[in-house]
Amino acid sequence: MPIVRVALPVPLPQLFDYTAEDADGSDVGRCVRVPFGRGDKSGVIVALPGDAEVASARLKPVHHIQRDVPPLPADWLELVGFVARYYHARLGEVVALALPPGLRRADGVSGEDVDPPLDLTAAGQAALAEARRESRALALLSEAVAAGLPARRSVVRALPAGAAVGDALKRGWLAISAQSQPRHLAVGLPTLTEDQAAAVAAFDAAEDGFRCWLLHGVTGSGKTEVYLRLAERALAAGGQVLMLVPEIALTPQLEGRVASRFPAANVVALHSGLAEGARSRGFVQALTGQADIVLGTRLSVFAPLPRLGLILVDEEHDASYKQQEGVRYSARDVAVWRARQRKVPVVLGSATPSLESWLHARNGRYATLNLSRRAVASSLPKVRCIDTSRLRLDEGLSPALHKALEERLARGEQSLVFLNRRGYAPVLSCPSCGWISTCPNCSANLVVHLADRRLRCHHCGCDGPVPAACPSCGNQDIQPFGRGTQRVEARLAELFPAARVLRVDRDAARTRSQWEALLATIANGGADILVGTQMMAKGHDFPRLTLVGVIGADSSLHAADFRAPERLFQQLMQVGGRAGRGTLPGEVLIQTEYPAHPLYQHLSRQDFDAFARMALDERRQAGFPPYTHQAMLRADAPLLHDAVAFLKEARALGEELAGDAVRLFDPVPMRLTRLARRERAQLLVEADQRGPLQAFLLAWMEALYRQRAPRDLRWQVDVDPLDV
DNA sequence: AGCACGCCGACT
DNA sequence: GTCGGCGTGCTC
Ligand SMILES: [Zn+2]
Ligand SMILES: [Zn+2]
């Protein structure tokens, strides 16, 4: 009786063997449903061992092997195996994360193309020629013909009369066309700028095979156009392209652009926001090679791609690429590993690269492609610091910013006031007894949200009404302290009564439709002054926006995290880059009490490289990454003492295993010690080289697992942690 | 992680 | 007498 070895999503270090009557070697990589404990579970067959690791009497038979779709290929199993090893997660957990839930459950899944190419039929031609009667479908036909046919259903659907696509198909005016055009057919190619052309030429000149490129292009320099040209080349060579973006919110826009550039290519979006069926379908299309371009968030780095030819990672510095729970993988780093594994090029793009990638580029490990000039706008925005150390501010607004806003209003241009703090005020406090609004579950303050009159914790999400009087002393005069977007929005509305002030933060853009409505309002010129958080810093083009005012930036200037300056610089450069991307020149005003601070000095000169050199010098002197490698052991329990005690034991255990190459630090409570009723502590491990660190972690994890921690204590490792 | 079994306090 | 507390152990 054949035996199958299965990776299951359970937090156990081992794999599980089952019997399967009809299994053979071709079933490795197939999804399988098995009995487990008292219930059922599903996972992936990773091997067909000759004999089982446990007594054969204990083996149970599998329920069902999913054979409707091809098995996951060996390179995919290698990929999840690498992720499990490197991030010290269980193979089954990585498999569970990488596979769409529907597929892993071994449900029936169809990989049918739901976005086929459509073409005009003879009947459609006749209908157009007759043009007897106005109809939506007819209007769509002429639009589609004008836009060019054949075209993908999604492209036709996106036309003004696109809603009638179903109707046109039903009438037989449009039909699924035989795939006659080459997948790499590219339409609507703009002329490249000199920089873009040089980047594409440099890429073309390189040999085939693995190579990591850093595409360092200033904001508005047209990095996406370079991605599209490189994708075109990969498609022409018969390859599939994997394109990663940091956020779900950025996928529809990019997907539209990619689909209209490559009308004959099958573009598949893959992210956690998709319905289960759509996600499985996209995954299967990638697996069968039907998908030409897979575009998605960090999850999509696990899409199986038999014809993989190129990987693109947009905004590679973005922290969203690192999963912050469960298997803490970095999709950017996994993408680079995968490119090496598959011997294909990978392009990491950003206006503000991570210091890790920037250093690799400087060392020559990565090749660099530079876009130093903007594509449409004539120049980068002018960045100026406003010294607020001796100024009286009006709700955080300096007279200079006030005046600049006035000017934009007079000229009918848009402005953005950037403040990375949601809500009305970060805390409510009582001046007479000193009470402040704290979260019952976290070591954090409750934020005042005046828009819906609630006090809310931004960490655990709990909320309550805003009390009318101090809960501690009964004082009726309790006050919101500090400043968030809602407060600035309110003050701006008072200061500029004729202006249309629009707040753009996670509260205002709760749902996708709200977010799209906000974007449309901004694009149509329905807003004069925007008040926004980092949502505004990412990806989008606002051609009418010419002024960006940054307030409250200093608060992250002295943060304890060694990565805080890097993040601040990236964020300010990105948000500043929103100004003047169209034909109008842009200006960025940064309010600060420390205008002489080197970070702001480099920022005013828009000199990312100078900042990177300075920040890396500091990192080297302090012995921080990328000059060292880190891992963090975190523990959480209802009582802080238990978490710390566990880590102290772990440290003692680790000291015995650690050679000279690995250093362990003292366990400390985390910055946000209490989160959602759990007390958290952490222990940092550091090494100069990855190898010794990995070897140590392997032995340490095993020893810790044997320790059998108390039931209410949870612990996990984070390799290459972002927050230290 | 779930979910069992298993042995001691306050309840009908 | 039992209902239920969560301590310990197992899942192919
Ligand atoms: Zn009080
Ligand atoms: Zn909380």
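Atom set for the values below is all heavy atoms of this structure, side chains included, hydrogens, waters and symmetry mates excluded. Order of the sequence lines sets the chain letters (A, B, ...), proteins ahead of strands, with each chain counted from 1.
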Exercise for review: Would you please say whether a donor-acceptor pair under 3.5 Å links the side chains of A:H88 and A:Q716?
Suggested key: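 Distance-only check fails for A:H88 and A:Q716.
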Review point. Listed by chain and number, what are the ring-ring contact (aromatic ring centres under 6.0 Å, His included) partners of A:Y627, not counting sequence neighbours?
Key: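 Scan of A:Y627 (ring-ring contact (aromatic ring centres under 6.0 Å, His included), adjacent residues dropped) gives none.
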Practice item. Starting from the 5' end of DNA chain B, give me the residue, A:R38 or A:R714, whose nearest nucleotide shows up first. Key: A:R714
Kindly write out the residues that satisfy salt bridge (charged side-chain N to carboxylate O under 4.0 Å, His left out) with [X], not counting sequence neighbours, or none if the list is empty.
{"X": "A:R651", "answer": "A:E655, A:D666"}
{"X": "A:D718", "answer": "A:K322, A:R328, A:R634"}
{"X": "A:D507", "answer": "A:R422"}
{"X": "A:R512", "answer": "A:E516"}

Revision key, fill the gap. Applying side-chain contact (heavy atoms from CB on, under 4.5 Å) to A:T511 and not counting sequence neighbours gives A:S513, A:Q514
Check your understanding: Given atom CD1 of A:I45 and atom P of C:dC12, what is their separation to the nearest angstrom?
Key -> 16 Å
Point to revise | 5' to 3' contact window, DNA chain B with chain A (heavy-atom distance under 4.0 Å) | key: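 For DNA chain B, the relevant span reads B:dA1 to B:dA4.
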Study note, to complete from the structure: Protein-proximity profile, nucleotides 6-11 of chain C, B/S/- by nucleotide at the 4.0 Å heavy-atom cutoff, equals --BB-B
Please tabulate, one pair per line, all N/O donor-acceptor pairs under 3.5 Å involving side-chain atoms of residues 80-87 of chain A, not counting sequence neighbours.
residue, atom, partner, partner atom, Å
A:Y86, OH, A:R690, NE, 2.7
A:Y86, OH, A:D720, OD1, 3.4
A:Y86, OH, A:D720, OD2, 2.7
A:Y87, OH, A:S330, N, 3.2

